[in-house]
Amino acid sequence: MQTFIVNRNGELQISIEGRLYPPLSFKSFRPNPQNVSEFYTAGVRLFTVLSSGIISGLGIPYSLFGESWTGEGAYDFEPLDRQMDMFVENAPGGYFAPMLQVDTRPWYLEANPDAANSFTRLSQIAGDGKFRRDAGNYVRAFIRHCEAKYGERVWGYFLLGGTTTEWFSDFDYEASHPVKEEAYKKYTNDPGAALPSAGRLSWVDGTFLHADEGDVAG
C-alpha cells in the first residue's frame, strides 16, 4: 500500500492509494467494538492500534490486549491479531496504523541487569547497541506480521518509547551513564570527550536557566 502526507491548498492530508483523507485518526488505549464502530459510523476512516505490554506511569497497562514481545527473539502476535481483527470487524472500510512500544520489558531488564529501563531512563540506554538490535528485531518481526496479515489495511506505523510513550527520558535528566558517555564520545569523534555538566546543558539563547558552580566563569 502506498501512503503519503500531501499538501492540498495549504492543508495537509493523508493519501492512501491515491485517495485523500483528512488527518484525523481514532486513538484509544481502551478500544472496544462500540467506540470503534461509533467513530467509523461518524465518518472516521483512520485508526491507530496500540500494541504494548508496558505498565504506564499510572500503574495500569497501556493495553488490555496483552504482550507481543515475550523474550529475546520471541514474539507472540496473538494479542495483536485479536485487537486488529476487532478493529477490522467494526471499521470494515477503515485503515489502521499499528503503534508498537519498543521499551525494555521486565524480562529484558532481568536478562540484562546492566541495562537501564528505557521507559524511565531512555537517555541512558538509547545508545546501547544490544538494546537497539533487540528492539529493531522486534520492530521488523512486528511489521512483517502486520504486512502479511493486514498489509492492505495498514496506512502507517508508529514507534513509541520512553515515558508517556513520547520519547521522554523523564527521570535521569542530565545524569551520566557509561552507555551515554560512550555514545557521546562516538558522536564527537573524541575518545576523551566528557559529557557537559548539567549547568552547561542549561544554556538557552545565551542565558543560563541554572548553573553549577564554575559554569558561569568566563
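We number each residue from 1, following the sequence as shown. Only this structure's heavy atoms are used, side chains among them; waters, hydrogens and symmetry mates stay out.
- Under the 4.5 Å side-chain criterion, counting only non-hydrogen atoms from C-beta, Val139 is in contact with Leu100.
- Going from atom CZ of Phe119 over to atom CZ of Phe171 covers 8.0 Å, rounded to the nearest 0.5 Å.
- Inter-residue side-chain proximity for Ile125 and Asn117 is flagged as unmet; no heavy-atom pair is nearer than 4.5 Å.
- Between Cys146 and Phe77, the closest side-chain pair of non-hydrogen atoms is not below 4.5 Å.
- The backbone N or O of Arg30 sits less than 3.5 Å from a side-chain atom of Asn35, completing a donor-acceptor pair.
- With values rounded to the nearest 0.5 angstrom, Leu109 atom CG is found 11.0 Å from Asp114 atom CG.
- No side-chain heavy atom of Met86 sits under 4.5 Å from any side-chain heavy atom of Arg82.
- Put simply, OG on Ser52 and CG on Leu80 are 12.0 Å apart, with the number rounded to the nearest 0.5 Å.
- Formation of a donor-acceptor pair under 3.5 Å by the Tyr40 side chain with backbone atoms of Gly93 is found in this model.
- In this structure the side chain of Phe26 never reaches within 4.5 angstrom of the side chain of Leu46, judged on heavy atoms.
- Counting only heavy atoms from C-beta outward, the side chains of Gln83 and Ser63 approach each other to under 4.5 Å.
- At a threshold of 4.0 Å, the pair Glu181-Lys185 does not count as salt-bridged, since none of the basic side-chain nitrogens sits closer than that to a carboxylate oxygen.
- Summarising the geometry, atom CD belonging to Glu17 is positioned 12.0 Å from atom CZ belonging to Arg19; distances are rounded to the nearest 0.5 Å.
- A side-chain donor from one of Tyr157 and Glu147 sits under 3.5 Å from a side-chain acceptor of the other.
- Asp128 has no carboxylate O lying under 4.0 Å from a charged side-chain N of Arg132, or vice versa, which leaves the two without a salt bridge.
- Classification of Lys130 and Glu72 as a salt-bridged pair holds, one side-chain N sitting under 4.0 Å from a carboxylate O.
- Side-chain contact between Met1 and Tyr95 is present, with at least one heavy-atom pair separated by less than 4.5 Å.
- Note that CZ of Arg153 and CZ of Phe47 are 9.5 Å apart. Values are rounded to the nearest 0.5 Å.
- Atom OG1 of Thr48 sits about 7.5 Å away from atom CH2 of Trp155, to the nearest 0.5 Å.
- Of the possible donor and acceptor atoms, one in the side chain of Trp107 sits under 3.5 Å from a partner among the backbone N and O of Trp69.
- By the 4.5 Å heavy-atom criterion applied to side chains, Val6 and Leu20 are counted as neighbours.
- At least one donor-acceptor pair under 3.5 Å links the side chain of Ser118 to the backbone N or O of Thr104.
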